[in-house]
Every structure is written in C-alpha cells, then in structure tokens.
Amino acid sequence: SRADAMAFCGWLSEQTGHPYSLPSEAQWEYACRAGASSPFFWGNEPNSLFDYANAANPLFIRLGGNFSSLDAFPALAPVGRFPANAFGFRDMIGNAAEWCQDWADAQYYSKGEYRNPLNATIQPEGTKIVRGGSWRSEGLWEYRSADRADAPRDARTTAIGFRICRMPDGTAPYADVIVNGVGEDY
C-alpha cells in the first residue's frame, strides 16, 4: 500500500540520515521521460512496448484475462529485465505502476504550479496518483510517459509498487503528515 511505501521511506531516512520520499508526479514524469518529448521514452512507436516494458499484451482482453504475455512474463518480471531509459532508470513503464506523492485531481494541472507541481492538498476520501502502467494495464496509452492514473491509497496489489527518491539534505521528505520524522498517510 502507499502507507507501506511511506513507512519504508521513513525507515530508510532514519537509517541513512538522508531524506527519502516517493517522487512527486512531476518528478516521476521527468525521470521517466529522460529528456524525451515523445509519448514513450523510447520514441513514438507504441508497438515497441514489449521491447521496453513488462506489459500485458493485446490478447489480454480477447482471451478474457488469460495473460499470455509477449514479453515472456505472465505477471511481474524480475527487476531490471528491460532496457534502461536515457537517465539509466529501468522499469519506469510496465511491471508495476508506481505511487507518487500527489493526490489525484483531474483539474490540478490547469490550476496548479507550473514547475514541479505537487498536489499536497489533503483529501481524506481521495485517491493518490500512480504512474507507469503495470503488467495488468490494458491499453497502450496507459504506458505513455504522460499517462496518469489513481488508486485508493490503501490499495494492495501486485499491479502497484513504488520507487523512491533521495531528497536534498536539509529538506523534509514529502508527506501528508509528519509524525516523529516519518511520513504518515491518513
């Protein structure tokens, strides 16, 4: 769950003395794109998806959920099995969607900050952003660098994981509420 991911960030921050957090949605997209302006970090060709990501293949829908994956992994793949993007990050697309700090709000970008926006407005009944698509995502558009999805923050599924980022020393990690130096989500 997202709370588990936040707890891990808090634990790692305490162990290392450096602040770690889930990325903001903008940080995640910057890392995924790795300088590319195309829909996918590898270019404009969606049919190359299976060369770059652990993704459910187009047969998923036609076979009624029988994952016969073109990438040789019927579910989660071992980390690092697909090529890295230009920044050296692997598995940004596919395998497991990744939790971000932001609360989901379909209109946020039209009313939020332009540079590295973070929708930190606490919404106790709201959902949190996940990015990157997963091995269970059904459409090619869900693997675009810019695609946005959301999930209940207490969701526990093999389709959602997390990636952390080290924050600059001296800054507080992103968190909805900080309790004893650990980010809490309520």
Distance flag, aromatic centroids of Phe87 and Phe41, threshold under 6.0 Å: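 No: the rings miss the under 6.0 Å criterion.
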For Asp147, salt bridge (Lys or Arg N to Asp or Glu O under 4.0 Å) partners two or more places apart: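 Per chain and number, Asp147 pairs via salt bridge (Lys or Arg N to Asp or Glu O under 4.0 Å) with Arg144.
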Inter-residue atom distance [X].[atom1] - [Y].[atom2], 0.5 Å rounding:
X      : Y      : atom1 : atom2 : answer
Asp4   : Trp11  : CG    : CH2   : 14.0 Å
Glu142 : Ser134 : CD    : OG    : 8.0 Å
Cys9   : Tyr20  : SG    : OH    : 10.0 Å
Thr127 : Asp102 : OG1   : CG    : 11.0 Å
Gln101 : Ser21  : CD    : OG    : 4.0 Å

Side chain to side chain contact (heavy atoms under 4.5 Å, CB included) between Met6 and Arg2, worked out: CA-CA 6 Å; Met6 293 293 291; Arg2 186 177 173 283; 3.8 Å; yes
Pairs where residues 74-91 contributes a residue and the test side chain to side chain donor-acceptor pair (under 3.5 Å) is met, not counting sequence neighbours: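 Listed by first then second residue: nothing to list.
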Considering all heavy atoms, the nearest Ser145-Arg131 contact: O-NH2, 2.6 Å
Steps toward side chain to side chain contact (heavy atoms under 4.5 Å, CB included) verdict (Ile93, Phe82): CA-CA 10 Å; Ile93 298 293; Phe82 294 90; over 6 Å; no
Side-chain heavy-atom pair Val130, Cys100 within 4.5 angstrom cut-off: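 The answer is no, as the side chains (C-beta and beyond) never meet within the 4.5 Å cut-off.
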Excluding sequence neighbours, so at least two apart, what forms side-chain hydrogen bond (donor to acceptor under 3.5 Å, both in side chains) with [X]?
X     : answer
Asp51 : none
Asn44 : none
Trp99 : none

Donor-acceptor under 3.5 Å (Ser1 side chain, Asp154 main chain): no
Qualifying ring pair (Phe, Tyr, Trp, His ring centres under 6.0 Å) pairs, either residue in residues 144-171, two or more places apart: Phe8-Phe162
